[in-house]
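Counting begins at 1 with the first residue of the sequence. When a ligand or atom number is given, it counts from 1 through the structure's own listing order.
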Amino acid sequence: MFTKILIANRGEIALRVIRACKELGIETVAVFSEADRESLHVRFADDEICIGPPPSRLSYLRVTNIIAAAEIAGADAIHPGYGFLAESASFAETCAASNITFIGPTAEQIRLMGDKASARKLAIDLGVPVIPGSKGAIEDPDEAASIAAEIGYPVIIKAAAGGGGKGMRVAKDPESFAQSFQLARNEALAGFGDASVYIEKFLDRPRHVEIQIMGDKSGRVMHVGERDCSIQRRHQKLIEESPSPGIDQELREKLGESAVKLSEHIGYVGAGTVEFLVDTDRSHYFMEMNTRIQVEHPVTEMVTNFDLVKEQIRVAAGESLGLQLHGQLRGHAIECRVNAEDPFRNFQPSPGTITTFHPPGGPGVRVDTHIYAGYTVPPFYDSLLAKVIVHGRTRAEALSRMNNALDSFIVEGVTTTIPFLQRVIQHRDFVSGDFDTKLLEREPDLLKPAA
Ligand code: MV4
């Protein structure tokens, strides 16, 4: 097992990783930017090293500074958290070259899945269902147009180097296709330095359902159920839950089998998420794979009783998977992401100093957060303040706990998205479980303050 882990991240996820390390008896090193001196991850870690000025490209994204910090502190492993360097194949390579274990998959696995066109190709070759479209990346505009005509409009053109909603364009008809294709390629080149794009049929009202998987170094991969992440705004997830209200045990097993087949084939090590779109007729299609621990991992922890971060560390150290899923998921879990943003002013960021902080609690309520009264939310990073995660025996019980939790969550000094989240979880379509990725688009009134 490792003796000392450097956490190459900040905010709530840095605290989450430190907790897992403490339980495993492993020492921790926090790295921080000049804007994060007063952060709790710095206070709770055994060692702390400043890695640069506030902008993340000068600190949390600076590979050389982070590796130097690990060497100075004597860390034998690095946990990247999510975001920042978590899906950087070259960072994983640099760690390996420096004799430091990157807690996550191999650089090759990150690279393969980071290219969404090659991941799609692999899925096709393995017989995992994908959305009708091109086999891999497509360069020739005429060939692209003929594929689009074949699968039928509307189609969506996605950047191979994109993912998570970045670099996508919808073409409604053959007339607009050539221009959309050209624009998509230009945007992909400008945004990612890679013009490769691929084509899929555009599904109108899909659900986003993702499977959590975990693999060890002996080649074993298991899935630990799904999360429904359909409630999103501009490709930012707002609310996630497990199990998905839109799928049954049969579909869960099919998605799980597909996810395991894909990850087992590449010998995937660590925590990963295989994303699917589930259509209104229950058809399901592989979309992409994320090679990191995700923000929403706690909903899976609540319904499985697993500690996914501890498990990531154990398998990175070469231990075999210690999880055992006894058939069904246990009850129901929901997560709401609370951000320092004004939901009624187009989610404008609202950094500043927290004056009052009273988090919710009670049975089945978990809050993952790094904020405290007196803490100043810096303007340099994403504006996640806290994740409120509830668990109940049934979805109704979980929902009731979420309503009460949000109601008693007091954060003053910055504007938060709490009132907006309250409205969404009270919306009839959310309450009934009959929703899809278009819920917020269909209900613009949710973006106005309650009358
Ligand atoms: C799609 C789609 C419809 N059809 N692909 C958005 C995030 C990125 N991972 C892929 N996304 C989508 N891909 C096809 N073929 C609709 C979306 C999409 C979406 C997906 C999940 C959750 C919210 C979404 C909001 C708008 C569009």
Side-chain angles (χ1 to χ4, degrees), residues 82-83 87 113-121 123-124 128-138 144 147-148 150-172 177 180-181 184 187-188 191-192 197-211 226-242 244-247 255 259 272-292 294-296 299 335 337 347 424 429-430 435-444 446-447:
Y82 53 68
E87 290 176 281
M113 290 304 173
D115 180 334
K116 306 302 169 185
S118 63
R120 182 177 153 87
K121 206 164 170 185
I124 295 170
V128 168
V130 300
I131 305 161
S134 61
K135 178 148 187 195
I138 247 16
I147 292 171
E150 208 174 296
I151 61 181
Y153 285 88
V155 300
I156 184 165
I157 306 153
K158 297 183 176 177
K166 278 179 267 166
M168 314 188 321
R169 222 159 232 288
V170 178
K172 287 199 167 61
F177 182 80
S180 296
F181 187 76
E187 284 170 4
F192 311 108
V197 296
Y198 59 103
I199 300 168
E200 290 175 354
K201 175 145 190 74
F202 180 72
L203 308 180
D204 188 40
R205 294 181 49 171
R207 295 182 88 105
H208 171 123
V209 180
E210 58 185 34
I211 298 281
E226 82 282 8
R227 295 181 289 259
D228 193 311
C229 307
S230 299
I231 307 293
Q232 307 195 2
R233 181 187 165 273
R234 299 200 179 160
H235 307 301
Q236 286 282 22
K237 294 168 184 166
L238 297 171
I239 304 175
E240 306 95 349
E241 63 181 300
S242 184
S244 166
I247 78 166
L255 297 180
T273 300
V274 183
E275 297 184 349
F276 295 87
L277 289 183
V278 177
D279 211 347
T280 35
D281 67 356
R282 291 174 29 102
S283 322
H284 57 281
Y285 309 98
F286 166 75
M287 189 164 54
E288 56 189 70
M289 179 168 188
N290 302 319
T291 55
R292 60 170 189 274
Q294 292 198 246
V295 177
E296 61 270 24
V299 300
E335 172 178 280
R337 300 188 188 187
F347 292 81
V424 178
D429 291 351
F430 188 80
F435 54 82
D436 56 72
T437 50
K438 291 274 180 73
L439 177 75
L440 296 186
E441 275 176 59
R442 263 198 312 279
E443 301 288 345
L446 287 169
L447 299 175

side-chain contact (heavy atoms from CB on, under 4.5 Å) partner of K237, chosen from R227, R337, E335: R337

Would you say the side chain of I199 lies within less than 4.5 Å of the side chain of F177, judging by non-hydrogen atoms? yes

Heavy-atom nearest option to atom 6 (C) of ligand 1, drawn from H235, Q232, R234, R205: H235

Between the side chains of D429 and K438, is the shortest nitrogen-to-carboxylate-oxygen separation below 4.0 Å, so that they form an ion pair? no

Considering only non-hydrogen protein atoms, determine which one is nearest to atom 22 (C) of ligand 1 and report residue, atom name and distance to 0.1 Å. T437 CG2, 3.0 Å

At a 4.0 Å cut-off, with the gap strictly under it, does some heavy atom of K237 reach an atom of ligand 1? no

Could you tell me the residue and atom name of the protein heavy atom closest to atom 15 (N) of ligand 1, and the distance to it rounded to 0.1 Å? K201 O, 2.7 Å

Hey, are the side chains of H208 and M287 touching, using non-hydrogen atoms and a 4.5 Å cut-off? yes

For ligand 1, which atoms have a heavy atom of I131 less than 4.0 angstrom away? 15 (N)

For E288, counting its heavy atoms only, list the atoms of ligand 1 lying under 4.0 Å from any of them. 9 (N)

Can you give me the closest heavy-atom contact between G162 and F192, atom names plus distance? CA-CZ, 3.6 Å

Looking only at heavy atoms, the pair that brings A137 and Y198 closest together is CA-CB, 4.3 Å

Heavy atom of the protein closest to atom 8 (C) of ligand 1 (residue, atom name, distance): G165 N, 3.3 Å

Give the residue and atom name of whichever protein heavy atom lies nearest to atom 4 (N) of ligand 1, and the separation in Å to one decimal. L203 N, 2.9 Å

Give the numbers and elements of all ligand 1 atoms closer than 4.0 Å to a heavy atom of I156. 5 (N), 14 (C), 15 (N)

Would the number of heavy atoms belonging to other residues, nucleotides or ligands and lying under 6.0 Å from CD of Q236 be above 12? no

Between I124 and S134, the two heavy atoms sitting closest are CD1-O, 4.4 Å

If we ignore angles and hydrogens, is there a donor and acceptor under 3.5 Å between the side chains of S244 and E226? no

Please determine whether any non-hydrogen atom of K438 lies less than 4.0 Å from an atom of ligand 1. no

Less than 4.0 Å from atom 2 (C) of ligand 1, is there any heavy atom belonging to the protein? yes

Ring of F435, cation from R207 - is the NZ or CZ under 6.0 Å from the centre and inside 45° of the axis? yes

Which protein heavy atom lies closest to atom 10 (C) of ligand 1, and at what distance to 0.1 Å? M287 SD, 3.5 Å

Just to confirm my output: which protein heavy-atom neighbour is closest to atom 17 (C) of ligand 1, and how far is it? M168 CE, 4.6 Å

Using every non-hydrogen atom in the two residues, find where I131 and K201 come nearest and quote the distance to one decimal. CG2-O, 3.3 Å

If the cut-off is 4.0 Å to any non-hydrogen atom of L277, which atoms of ligand 1 fall inside it? 1 (C), 2 (C), 3 (C), 4 (N), 5 (N), 14 (C)

Looking at H208, which atoms of ligand 1 are within less than 4.0 Å of one of its heavy atoms? 21 (C), 22 (C)

In this structure, atom 5 (N) of ligand 1 is nearest to the protein heavy atom K158 NZ, 2.9 Å

Among all protein heavy atoms, pick out the one at the shortest distance from atom 16 (C) of ligand 1; state its residue, atom name and that distance to 0.1 Å. F202 CE1, 4.0 Å

